[in-house]
Each structure stands twice: as C-alpha cells, then as structure tokens.
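Numbers restart at 1 for each chain; the letters A, B, ... are given by sequence-line order, proteins then strands. All figures in this text were calculated on a predicted structure; none of them were measured in a lab.
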There are 2 protein chains.
Amino acid sequence: MKRTAGSSDAAALSGAEPSAHGGIQSLDSALALLQILAAMSRPASVSELARAGAMTTSKAHRYLASFINAGLVMQRHRSGRYELGKGALDLGLAAMARDNLINRAADRLEDIVDATGAAALVAIWGPHGPTVVRWERTASFVVTPLALGTVMPVLNSATGRVFLAFGPQRMVWSLAEAQLARARELKLSWPDLEPTVESARALVERVRTSGYSSVDGRFIPGLKAISAPILNWQGEAEAVLTITTGDEGLLEQNGPALDLLIATCRELSALAPQ
Amino acid sequence: MKRTAGSSDAAALSGAEPSAHGGIQSLDSALALLQILAAMSRPASVSELARAGAMTTSKAHRYLASFINAGLVMQRHRSGRYELGKGALDLGLAAMARDNLINRAADRLEDIVDATGAAALVAIWGPHGPTVVRWERTASFVVTPLALGTVMPVLNSATGRVFLAFGPQRMVWSLAEAQLARARELKLSWPDLEPTVESARALVERVRTSGYSSVDGRFIPGLKAISAPILNWQGEAEAVLTITTGDEGLLEQNGPALDLLIATCRELSALAPQ
DNA sequence: CATTAAGTTGCACATTATGCAATAATCATT
DNA sequence: AATGATTATTGCATAATGTGCAACTTAATG
C-alpha cells in the first residue's frame, strides 16, 4: 500500500498514514468500488469496474472476491460478470425496515386498496430513479408484473412526474434530461409533453400547482394512475404514493380516491422528519 | 494483523497469508461487522458491535468510520449509537432493481438490437392485452409502429400469440374469444388461423411445441416478428420478448436471431421469481 | 465537581495489501 | 474444431498500512 509522496517525517517514522476520517484505506477503496457497481445498470466485468474505479484489475478482483464471500455481490460463473447479490438486497431491506416514513406509508396501502379496489404503491428515489418499495393490490388487478424494485420512468409515469416536481432536484433532473435526450433521438413525444426541457418545466409547474400528478390511458391503454408526494420539512418528496387502476372512472378528478390520496400524503407529510 | 498459530513456513517466508477465497482480510472482517449491525434491531454502540464481532473497540471504530464515510452507516452525533444509513438503503434499492424481471429483460434489449439491427420489445399482460413496457431499436430502424403502451393484438401478433399459449389463461382467453367473435362478425381470417376456437387451440399447440411464435409479412406487409416467453416457475409467461424487423432474412428459422431470442428468454426464465 | 464508563486517536509494531507477471479461462474468428 | 486474442484469476516479493495498546476525550451519573 503506497504512502502519499508528501508524508510527514512523523508519519514516516511511525509507519502509517491514517485516512482522513480515521477509517481504513483499503475498506474505503473497496466501498467506492461497490458504489460504482451499484450505479451500473447492467452486470459489469472486472476490467470495466477496475477502470471506473481507477485501480488495477487485480485489486478490483480481490475486493470483489470479498464482496462475493459476504453475499453483497454475485458472479454468474467464474470469469462471468458481476452484479449485486442477495446480501445487498438484505442490507437495503434492513435499512428500509428502520425507515419510519416508508413503513408508515406502507401501512396505509391496504386501506387505500380496500377503499378503491385498485393497486397502490410507495416509491422512493433510488440510484436508478423512482423505485417501488411497497405495493398492494386487489386479487382482480389485471396487470401481471408489478414488483418490488420496479423503476418507473420519470417523464411518463405519475410517480416519476411527482418526483420531477418535488424530488431531489439535481438527481431527478440529471435523469430527466437523459430521458429527454433519448426521446429526442428516437423522435418520441407524449400526449402532454414534448421532449424538451421547456415542456418538462411547464409540466413541473402544473404538478406543483395541483400538488399531484395523473396519467391516463393514453400512456398505457387501460391504465390510469394518480400520485402525490410525501414531503419533508424542506418541501422535498421523501416518497411518492401512487394509486393505479384499470377502472377508468375510479380516479376521476375531485373523486374520493384522489381525496384519499391527497389526505393520506398530507398526514404522512406532517409526520416526516426534519 | 495477526497470523493464526499454524501458519505454514511458505506463508511465513512470503509474508502474506491469502484469505481463503482470494479476497482481502480486513474487508472480510469489516463486512462481517456490517452484517452484525444490520441484524441488530436497534442502533448499537461501538462496544456492543465490537463484542458481537469479537474484535477490539478500536478496530470496530475504524471500520465504522469508513462505513460512515461511504454512507452505509450513520451516527446521530459523535459518541452516539450507530445504525444503517441512506447508502445502505440505496445499495438495497440498486439490488432490488437488478432483481426485477422487467428490468433484467430490458437490459438485454440493447444487446439484441445491436446484434440484429432490428427492434426489440418487452411486453407484459395489461388490462387490454399484451402491452409494450420497454423497447429499443437502432436509430436507423425506419418502421415505427412501436411505442410504450402499445397494445398488441392477441391473435395476429407474435407477442400476442405467445401470451395466448403461455400467458395467464383465463384473462388471455377471455380477450381472445372476444377477438375471435369480432373477426367472425367482420368475416376476417389470417393466413394460418381461422376465427374459431378450434383453430386458435391448434395455434396454441404449435406455439407451445416450438416454444416461440413468429409472424411474417403476410400479417403486416414488410414486417416480421419473433417472440418467446419469459416463464415463471409455474410455466406461465411473466413477460414476452419480441424481435421485429423489416429485413425478411433476419429472423429465419434456425437463424442466429432466433437462437439469441430463445437463449435470452431461457436465461431470464431461469432467474424468474417463484 | 468527581468519578466512572465508553468513545476516539496517536503511534510502534505486526501483518497483509498490492503490483507485476504468469497462468487459466473465455471469446472471436476461420 | 483449432487458434489467437482478450480477459479473469492467482503466486509472490515488496510496499504499505492495519492493529493493539494506552493515552486522551467525552458523556453520564451521583
């Protein structure tokens, strides 16, 4: 392990340059690599990871070996690509179990589903965008896979739009701008949104003014959704609550489902931490 | 770092005892401590953690300092108790997103499109039938019937036929029977399908036997498509993967595109949740 | 305020993390 | 199927830092 060239005489004599925060240097390096892997949208090779982490492949490989041993990372077969493993999921679920805001929101889902006959979900902002962390539905809900971990698009989902208006702005707009660029490249647009920053900002104004967002069957035929934010004390969305249904009448403006959603989010917002 | 008492002479000469799995010893110890913290039901003191992890408080403290620096752990104030931080939640969310079937399938679209020069899509069963939820194409792909939310017909699209054979049967056949009745009313038929239940059942047998479905230019002039199911453990399609192209030669039987499609769906099926 | 217990940090020494090169495995091409 | 190129993995000598101990700091209690 190399010392920095500017080591003081005292440090040189004693043998160790302590890390700036009193931690362990190899652990810091390893955890930086883990974050790089987590940010990747696909399984990665050891050389990709080493390059991205500015380290030798040999070093990256050894860190990955320890992460595999701990269950945080998995590799499909020897010499295969690496991705996050069950241990990472378990760690996240443990962290989530301690998050009072998510748990309070989740506790409301059953009542919402019972009252509306629809499906309802809680999403929070994750490394890849708005991520479903809890959901409930009635047995008759017809859409097949709606699952824990589903990442919603920012621009054309009700959930995503609420994050666009109320979420952590720098991160949200970084992703939104990428999605806008991609849409322009493929010459896409949506019923109420052109793939431009100006159009997206106008959408944000509409969502902020109304305090919720909705998408109707023009986006996914037969599906309608309404979403509202659970705000913290800075007015930023900590989570988003969404009701989604195939029943076109259920989520009408000024209807009971929207009232329930807004009231629930308001109550949960009042309980949010500083 | 202490050697075990039984170190071999060779290891003593070379200086390092490699960890059993080729990883890094201090990283292994640190990750073991993190798991102990995750398993605790409440915030823990450094001495509790050190005791549970059979290490000195000084060692535990330094590991925790690195975890805090990485965001995986937080401490309410100096000398306060330790608990999992936002970074642990983010790691879990990233793992959750990886674990999601639609995201896994979507990740494959780019490779498929690159390999074939065609367009590729993921569809799920929605309220009005097979619904496109993800798609990719090359920028040069000129024919664009695709959009997020496009509902494919059940009887005369490759995607729909795979759902007919492998999808949630009660819902799928309810819609199929309605489309058959409509076709009889309009006196429609298709090159390989009469608008009868018997003919449709024969089609299902063919699709189930081959494990995939294809439609050629007789259905939509200039377009050919092949589809295969991503099956769950009950043998029911959770999603369907489709390659579509205007190049008639590309999707020939026993060709590389079909092989790629089948292999991809097989791999994704193997990863599907219970 | 004094005392005790727990958290945090300096430093000498003990231990292992690391880079480099060799070996093994996988992928692409013919 | 064979071959060459590329990438993943591992042995080992050297470079680097992780660790235990004790001192210092902080927090809690009487």
Sequence neighbours left out, what pairs pass side chain to side chain donor-acceptor pair (under 3.5 Å) with at least one residue falling in residues 32-44 of chain B?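 Non-adjacent pairs meeting side chain to side chain donor-acceptor pair (under 3.5 Å): zero.
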Give, ordered by number, those residues of residues 30-60 of chain A having at least one heavy-atom distance below 4.0 Å to an atom of DNA chain C; if nothing qualifies, reply none. A:Thr56, A:Ser58, A:Lys59
Are any of [X]'s side-chain N or O atoms less than 4.0 Å away from OP1 or OP2 of [N]?
X: B:His61; N: C:dT8; answer: yes
X: A:Tyr82; N: D:dT7; answer: no
X: B:Ser26; N: C:dA17; answer: yes
X: B:Gln75; N: C:dT8; answer: yes

Taking side-chain hydrogen bond (donor to acceptor under 3.5 Å, both in side chains) as the test, write out the residues that go with A:Asp99, two or more places apart. none
As a test of understanding, state which of B:Tyr212, B:Phe166, B:Phe163 forms a side chain to side chain contact (heavy atoms under 4.5 Å, CB included) with B:Val207. B:Phe166
All side-chain contact (heavy atoms from CB on, under 4.5 Å) counterparts of B:Met74, not counting sequence neighbours: B:Arg76, B:Glu83
Listed by chain and number, what are the side-chain contact (heavy atoms from CB on, under 4.5 Å) partners of B:Asn103, not counting sequence neighbours?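 B:Asn103: side-chain contact (heavy atoms from CB on, under 4.5 Å) contacts with A:Val151, B:Ala97, B:Asn100, B:Arg134.
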Between [X] ([atom1]) and [N] ([atom2]), how many Å, whole number?
X: B:Gln25; N: C:dA17; atom1: CD; atom2: P; value: 5 Å
X: A:Leu64; N: D:dT10; atom1: CG; atom2: P; value: 12 Å
X: A:Ile24; N: C:dG10; atom1: CD1; atom2: P; value: 14 Å
X: B:Tyr63; N: D:dT19; atom1: OH; atom2: C1'; value: 8 Å
X: A:Arg81; N: D:dA8; atom1: CZ; atom2: P; value: 8 Å
X: B:Asp111; N: C:dA28; atom1: CG; atom2: P; value: 11 Å
X: B:His21; N: D:dG11; atom1: NE2; atom2: C1'; value: 17 Å

What residues form a ring-ring contact (aromatic ring centres under 6.0 Å, His included) with A:Trp173, not counting sequence neighbours? none
Given the structure, check if the side chain of A:Arg62 and the base of D:dG11 hold any donor-acceptor pair shorter than 3.5 Å. yes
May I ask you to say whether A:Glu185 pairs ionically with A:Arg182, meaning some side-chain N is under 4.0 Å from a carboxylate O?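 A salt bridge links A:Glu185 with A:Arg182.
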